[in-house]
Amino acid sequence: GLMDENAARQRPQWAQEGDAPLAESLAKPLERSMDLTLTLAGDFVEELLRGYSQRWFQDLVHQCARDCDYDRGLFLDRLQHIAFEVQKPILENWGFDGDAQGLYDMTSILQEHSRGGA
């Protein structure tokens, strides 16, 4: 079947329940386990942008800024975890692991393409 192109249209249930699946797996050093072509990476970024523009996510970001009393360092630290609420369903939709490994793979693939690597 066709892939859901809007996997992050709703805030995930685990996030509403206060789970933080990102934190527990950040400790170990990671090696890349996935690849995307430049074209697919472009589609992937478009889906992330769609996720980040969802109203529920925008509301969370604004709430986070207020909760952090507009402290930039604290905000950016928390933003990683909020952004993961969008990233996780999209990562899984694309066959990545929905954890720190998938995030690492995504980040390194996008960095490689943005540097003009093959």
Side-chain angles (χ1 to χ4, degrees):
L2 280 177
M3 211 161 67
D4 180 1
E5 292 203 341
N6 196 3
R9 73 171 62 80
Q10 285 167 334
R11 188 170 187 203
Q13 191 61 39
W14 55 262
Q16 295 178 44
E17 290 163 5
D19 280 349
L22 191 54
E24 61 214 34
S25 48
L26 280 177
K28 62 181 194 290
L30 299 168
E31 287 182 21
R32 189 141 126 213
S33 65
M34 287 272 294
D35 257 314
L36 290 178
T37 64
L38 186 56
T39 306
L40 282 175
D43 293 344
F44 184 84
V45 169
E46 281 178 22
E47 187 170 347
L48 279 175
L49 292 174
R50 254 198 306 277
Y52 295 143
S53 64
Q54 299 293 327
R55 167 61 55 200
W56 69 263
F57 181 72
Q58 292 293 318
D59 289 345
L60 271 184
V61 170
H62 292 297
Q63 182 61 51
C64 179
R66 285 191 297 272
D67 291 347
C68 295
D69 207 27
Y70 302 95
D71 175 309
R72 188 167 182 271
L74 188 57
F75 173 71
L76 290 175
D77 189 50
R78 291 193 186 165
L79 185 61
Q80 276 189 307
H81 294 274
I82 296 176
F84 189 61
E85 297 185 19
V86 165
Q87 294 157 354
K88 180 175 163 69
I90 295 174
L91 285 167
E92 291 172 340
N93 197 22
W94 281 72
F96 289 86
D97 293 337
D99 59 9
Q101 177 67 55
L103 203 55
Y104 178 84
D105 288 336
M106 171 193 84
T107 305
S108 68
I109 287 168
L110 297 181
Q111 281 173 346
E112 183 179 292
H113 287 311
S114 67
R115 282 195 307 268

Asker: Go through the steps for Arg32 and Glu112 under the test side chain to side chain contact (heavy atoms under 4.5 Å, CB included), then give the verdict.
Answerer: CA-CA 12 Å; Arg32 189 141 126 213; Glu112 183 179 292; 3.2 Å; yes

Asker: Report yes or no: do Leu79 and Tyr70 belong to one cluster of Ile/Leu/Val/Met/Phe/Trp/Tyr joined by side chain heavy-atom distances under 4.5 Å?
Answerer: no

Asker: Do the side chain of Asp69 and the main chain of Asp71 share a donor and acceptor less than 3.5 angstrom apart?
Answerer: no

Asker: Please find the pair of heavy atoms, one from Asp105 and one from Glu31, that lie closest to each other, and give the distance.
Answerer: OD1-O, 4.0 Å

Asker: Kindly compute the distance separating NZ (Lys88) from CG (Asp97), expressed to the nearest 0.5 Å.
Answerer: 9.0 Å

Asker: For Arg66 versus Gln63, what's the shortest heavy-atom pair and its separation?
Answerer: NH2-OE1, 3.0 Å

Asker: Report the C-alpha separation of Arg78 and Asp67 in whole Å, then their side-chain angles, then the decisive distance to 0.1 Å, and conclude whether the side chain to side chain contact (heavy atoms under 4.5 Å, CB included) test is met.
Answerer: CA-CA 10 Å; Arg78 291 193 186 165; Asp67 291 347; 3.9 Å; yes

Asker: Give me the atom names and distance for the closest heavy-atom approach of Phe75 to Cys64.
Answerer: CD1-SG, 3.7 Å

Asker: Is a side-chain donor or acceptor of His113 paired with a backbone partner of Leu36 at a separation under 3.5 angstrom?
Answerer: yes

Asker: Kindly compute the distance separating CD1 (Ile109) from OG (Ser114), expressed to the nearest 0.5 Å.
Answerer: 12.0 Å

Asker: How many angstroms lie between atom CD of Gln111 and atom CE of Met106, to the nearest 0.5 angstrom?
Answerer: 9.5 Å

Asker: So, the side chain of Asp99 versus the backbone of Gln101: is there a donor-acceptor pair under 3.5 Å, distance only?
Answerer: yes

Asker: Do you reckon Leu40 sits in the same ILVMFWY cluster as Leu91, going by side-chain contacts under 4.5 Å, direct or chained?
Answerer: yes

Asker: Write out all pairs satisfying ring-ring contact (aromatic ring centres under 6.0 Å, His included) with one or both partners inside residues 34-66, taking only residues at least two apart or from two chains.
Answerer: Phe44-Trp94, Phe44-Phe96, Tyr52-Phe57

Asker: Shortest non-hydrogen contact from Leu48 to Val86?
Answerer: O-CG1, 4.1 Å

Asker: Look at the side chain of Glu47 and the backbone N and O of Asp43, then say whether any donor-acceptor pair between them is shorter than 3.5 Å.
Answerer: no

Asker: Looking at CG of Asn93 and CD of Gln87, how far apart are the two atoms once the value is rounded to the nearest 0.5 Å?
Answerer: 14.0 Å

